[in-house]
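Since the model is a prediction, treat every value here as computed from it, not as a measurement.
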Amino acid sequence: MKIIVTDSKENGSTEGFKLFEKSINNGAKVIGLATGSTPVGLYQEWTESDLDNSDLISINLDEYVGLTSDNDQSYHYFMQKNLFAKKPFKKSYIPDGIKAINDPQGASDDYNQIIAENPIDIQLLGLGQNGHIAFNEPGTPFDSVTHEVKLTENTIQANSRFFSKIEDVPKSAICMGIANIMAAKEIVIMAFGENKADAVKKMVEGSVTEDVPASILQKHDNVTLIVDNAAASELSASAKN
């Protein structure tokens, strides 16, 4: 695992965008994308760049079950606002959170087929405080593929700040599995802030265990971790070099 330590989230976002730009310029066509606060700076760099997305396919990690694409808390809406409106792709795929209301297995199977037909060249990830990647919480099998995830109470509580009341927070999501993520040819994972330091240490220097889903990335041949000084604060000196 290559580790890039920067002095700020902003500079980390710049380093992350450079990796995607390089990969695309070297021929990457299928781009795995993430949502949340972590990638916003990278997407801002992307929209301000000269990078042409018109021949690219994007595949997102996840979507809430039950939210329409025009709901301002849906990941469809997030991607449109932060990237697609200014830099549209040839084709963009996000799990179908509406089909998943009545047929979560069908929605999952559909998405696995999309990924099988469009192998991901480079995948963007954020890192949860408990070591989760996408909605793959501790205990998720490493061989999992796209599936419905029942959100934990902690995740529901954390997400409630985006909704008018906690009852409005979706209780599940359709999420790419860990095996889908690991199938990407290249992975870029970003983590910023002191609250991510423990998860970063466990991911990089801990045991490979389903208790820390991101630890499986130790087994991938081409991973770059981008962290600021705060998120890197618990790493050993040898890990940073």
Between Ile187 and Gln123, is the side-chain contact (heavy atoms from CB on, under 4.5 Å) condition met? List the steps.
CA-CA 5 Å; Ile187 294 173; Gln123 175 69 56; 4.3 Å; yes
Whether Phe17 and Trp46 hold their rings parallel, tilted or perpendicular, with breakpoints at 30° and 60°:
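Ring orientation, 0 to 90° scale: tilted.
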Can you tell me how the ring of Phe84 sits relative to the ring of Phe89, calling it parallel under 30°, perpendicular over 60° and tilted otherwise?
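Aromatic pair Phe84/Phe89 classed perpendicular.
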Taking all heavy atoms of [X] and all of [Y], pick out the closest pair and write down the distance.
{"X": "Lys196", "Y": "Leu127", "answer": "NZ-O, 2.8 Å"}
{"X": "Ala230", "Y": "Gly193", "answer": "CB-C, 3.8 Å"}
{"X": "Leu217", "Y": "Val223", "answer": "O-CG2, 3.7 Å"}
{"X": "Ala28", "Y": "Leu56", "answer": "O-CD2, 3.4 Å"}
{"X": "Asn118", "Y": "Val30", "answer": "O-CG1, 3.4 Å"}
{"X": "Val5", "Y": "Asn229", "answer": "CG1-OD1, 3.3 Å"}

Taking atom [atom1] of [X] and atom [atom2] of [Y], what is their separation to the nearest 0.5 Å?
{"X": "Glu153", "Y": "Ile156", "atom1": "CD", "atom2": "CD1", "result": "4.5 Å"}
{"X": "Met176", "Y": "Ile120", "atom1": "CE", "atom2": "CD1", "result": "4.0 Å"}
{"X": "Ile226", "Y": "Thr14", "atom1": "CD1", "atom2": "OG1", "result": "9.5 Å"}
{"X": "Thr47", "Y": "Leu42", "atom1": "OG1", "atom2": "CG", "result": "10.0 Å"}
{"X": "Lys219", "Y": "Met182", "atom1": "NZ", "atom2": "CE", "result": "9.0 Å"}
{"X": "Lys91", "Y": "Ser58", "atom1": "NZ", "atom2": "OG", "result": "9.5 Å"}

Got a sec: does the [atom1] of [X] have more than 12 other heavy atoms crowding it under 6.0 Å?
{"X": "Lys202", "atom1": "NZ", "result": "no"}
{"X": "Asp7", "atom1": "CG", "result": "yes"}
{"X": "Glu194", "atom1": "CD", "result": "no"}

When you compare the side chain of Ser92 with that of Met79, does any pair of heavy atoms fall below 4.5 Å?
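The answer is no, as the side chains (C-beta and beyond) never meet within the 4.5 Å cut-off.
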Within-4.5 Å side-chain heavy-atom neighbours: Asp96 and Asp110
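Answer no - side chains too far apart.
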Side chain of [X], backbone of [Y]: donor and acceptor closer than 3.5 Å?
{"X": "Ser49", "Y": "Leu51", "answer": "yes"}
{"X": "Glu210", "Y": "Phe142", "answer": "yes"}
{"X": "His220", "Y": "Gln218", "answer": "no"}
{"X": "Glu148", "Y": "Ser172", "answer": "no"}
{"X": "Asn180", "Y": "Thr146", "answer": "yes"}
{"X": "Glu205", "Y": "Ser236", "answer": "yes"}
{"X": "Ser215", "Y": "Thr209", "answer": "yes"}
{"X": "Asp62", "Y": "Asn136", "answer": "no"}
{"X": "Ser13", "Y": "Lys9", "answer": "yes"}
{"X": "Asn82", "Y": "Phe78", "answer": "yes"}

Any chain of hydrophobic side-chain contacts (each under 4.5 Å) joining [X] to [Y]?
{"X": "Ile3", "Y": "Val200", "result": "yes"}
{"X": "Val65", "Y": "Val149", "result": "no"}
{"X": "Ile133", "Y": "Tyr75", "result": "no"}
{"X": "Val208", "Y": "Leu235", "result": "yes"}

Is the shortest side-chain N to carboxylate O distance from [X] to [Y] below 4.0 Å?
{"X": "Asp55", "Y": "Lys29", "result": "yes"}
{"X": "Asp168", "Y": "Lys165", "result": "yes"}
{"X": "Glu21", "Y": "Lys18", "result": "no"}

Are a donor atom and an acceptor atom from the side chains of Thr6 and Glu15 found within less than 3.5 Å of each other?
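There is no such pair (donor and acceptor under 3.5 Å, judged by atom type) between the side chains of Thr6 and Glu15.
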Does either side chain, that of Asp109 or that of Gln105, offer a donor lying less than 3.5 Å from an acceptor on the other one?
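Distance-only check passes for Asp109 and Gln105.
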Are the ring centres of Tyr111 and Tyr93 closer than 6.0 Å?
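Judged by ring-centre distance (under 6.0 Å), Tyr111 and Tyr93 do not meet the cut-off.
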Worked check of side-chain contact (heavy atoms from CB on, under 4.5 Å) between His132 and Thr152
CA-CA 12 Å; His132 74 241; Thr152 65; over 6 Å; no
CA sep, side-chain torsions, deciding dist, call: Lys99, Ile174, side-chain contact (heavy atoms from CB on, under 4.5 Å):
CA-CA 10 Å; Lys99 178 173 182 174; Ile174 297 294; over 6 Å; no
Derivation of the side-chain contact (heavy atoms from CB on, under 4.5 Å) call for Asn71 and Tyr77:
CA-CA 6 Å; Asn71 186 301; Tyr77 188 96; over 6 Å; no
